[in-house]
Amino acid sequence: MSNPMSMIGKHILVTGASQGIGRATAKQVAALGAEVCAVARNEDKLQTLMAELEGEGHCYRCVDLSDFTAIEPLMKEIVQVSGKLDGLVHAAGIANSMPLKMTTHSYLDKMFRINFFAYAELLRLAGKKKYSNDGASFVGVSSLAAQYGNQGQTAYAASKGAMDSMLRPVAKELADRKIRVNNVAFSMVDTEIYKNFLVTAAQNEIETINTYQYMGVIEVADAANAICFLLSDACRYITGTTLMVDGGLAG
């Protein structure tokens, strides 16, 4: 019996691959047989990642995705070197908190540049026949903050909400090529961001998370598994959807 999660022969681009969910996803898709192109800003971390990936044919590129002019040359180079994409994961993002009174236009712009605008540009390019194969799958890393945002998350929640809102139109436009476009909205995941939160948060904030996210903080490997599910042929009829992976928080 064939494995519907197998990614043998697939070429997957993962942004934000130097740490957190992006790094775990790159490792998992490689373990499932895919060739990975890892994109992030930190070359040292990317080189370390390359040494940890199973399989062969992987590559990395150091790119600041807030510079939109760099994204199309990146796509062209990746396709020229490794072939058209079968999958895209946009895990790059900013998750800073800022009170409303300090949420200036420049701060909003910085947040949206990585979380939303870069994703939109990647989808625009990856949706073209010269950059992707028919039947490809594109996945964005969203957040439950888009629906259940807390204090200080005005910019973050709005950027993730924008990611979710564009899914259905994009999915409809790419459906004739059998390309699927989905997001995964996570609650608290055990990443570097969460570890920093534990250092700075008050005890009652930590207890609140443990109370309402009653299945516990999500391990990065489990977050990666949810993304891999959407990338794989196991869900080839799922598109235009935001999958909630919340540890019970939204229940």
Side-chain angles (χ1 to χ4, degrees), residues 4-5 7 12 14-29 31-32 87-98 111 114-116 119 137-168 180-232 234-235 238-251:
M5 292 285 287
M7 295 189 193
I12 311 292
V14 182
T15 73
S18 62
Q19 61 184 6
I21 294 172
R23 183 182 186 84
T25 300
K27 294 178 72 171
Q28 183 66 337
V29 295
L32 289 167
L88 162 69
V89 178
H90 183 55
I94 301 174
N96 299 341
S97 295
M98 187 71 70
M111 184 74 72
I114 296 295
N115 292 4
F116 175 66
Y119 185 37
S137 177
F138 307 148
V139 182
V141 175
S142 185
S143 171
L144 257 71
Q147 289 79 34
Y148 303 96
N150 210 334
Q151 293 180 357
Q153 291 185 321
T154 299
Y156 179 68
S159 68
K160 294 300 185 179
M163 288 179 67
D164 294 340
S165 294
M166 76 173 174
L167 278 182
R168 183 62 64 176
R180 295 172 288 112
V181 189
N182 297 287
N183 288 342
V184 186
F186 293 107
S187 54
M188 194 64 79
V189 181
D190 189 9
T191 62
E192 290 82 354
I193 293 172
Y194 175 67
K195 290 178 174 62
N196 291 335
F197 167 78
L198 292 179
V199 173
T200 59
Q203 185 61 37
N204 66 311
E205 293 179 290
I206 297 171
E207 290 173 355
T208 297
I209 290 175
N210 293 334
T211 299
Y212 291 101
Q213 193 166 322
Y214 48 80
M215 291 188 71
V217 174
I218 300 163
E219 298 292 333
V220 288
D222 292 299
N225 283 338
I227 292 170
C228 289
F229 168 68
L230 290 174
L231 285 173
S232 75
C235 68
I238 299 175
T239 191
T241 295
T242 298
L243 174 67
M244 301 293 186
V245 180
D246 57 30
L249 183 64

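This chain uses plain numbering: 1 for the first residue, then up along the sequence. Every heavy atom of this structure was used, including side-chain atoms; hydrogens, water molecules and symmetry mates were not.
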Would you indicate whether the side-chain heavy atoms of Ser143 and Met163 approach each other to under 4.5 Å? no

Before giving the answer on side-chain contact (heavy atoms from CB on, under 4.5 Å), spell out for Gln19 and Thr191 the whole-Å C-alpha distance, their side-chain angles and the decisive distance to 0.1 Å. CA-CA 8 Å; Gln19 61 184 6; Thr191 62; over 6 Å; no

Ignoring hydrogens, what is the shortest heavy-atom contact between Ala157 and Ala145? Give both atom names and the distance. CB-O, 3.2 Å

Provide the closest heavy-atom pair for Ser97 versus Gln153 in the form atom of the first, atom of the second, distance. OG-CG, 4.5 Å

Quick check for you: to the nearest 0.5 Å, what is the distance between Lys160 atom NZ and Gln147 atom CD? 12.0 Å

Would you say Arg180 and Cys235 make side-chain contact, with heavy atoms under 4.5 Å? yes

Atom of Thr242, atom of Ala185 and distance for their closest heavy-atom approach: CG2-CB, 3.6 Å

Closest contact, heavy atoms only, Gly22 versus Ala91: CA-CB, 3.6 Å

Given 3.5 Å as the limit, does a donor-acceptor pair link the side chain of Ser137 with the main chain of Gly87, or not? no

Could you grab the distance from atom CG of Leu231 to atom CG of Leu32, nearest 0.5 Å is fine? 9.5 Å

If we only count heavy atoms from C-beta on, is the Phe229 to Val245 side-chain gap below 4.5 Å? no

I'd like to check Gln28 versus Asn225 (side-chain heavy atoms, cut-off strictly below 4.5 Å). Are they in contact? yes

Could you pull out the closest heavy-atom pair between Ala146 and Asp164, with the gap in Å? CB-OD2, 3.8 Å

One should read off an interatomic distance between Ile21 CD1 and Asp222 CG, to the nearest 0.5 angstrom, of 11.0 Å

A side-chain contact here means heavy atoms from C-beta on lying under 4.5 Å apart; do Met98 and Thr154 qualify? no

N/O donor-acceptor pair under 3.5 Å between His90 side chain and Ser142 backbone: no

Shortest non-hydrogen pair, Met7 vs Val29, comes out as SD-CG1, 3.7 Å

Contact between Leu243 and Asn182 at the side-chain level, heavy atoms closer than 4.5 Å - yes or no? no

Flag the pair Ile227 / Phe186 as yes when at least one side-chain heavy-atom distance between them is below 4.5 Å, and no otherwise. yes

Testing the 3.5 Å rule here: is there a donor-acceptor pair between the side chains of Asn115 and Ser159? yes

Would a distance-only check, ignoring hydrogens and angles, find a side-chain to backbone donor-acceptor pair under 3.5 Å from Ser187 to Asp246? yes

Report the distance from atom CG of Leu88 to atom OH of Tyr119, rounding to the nearest 0.5 Å. 7.0 Å

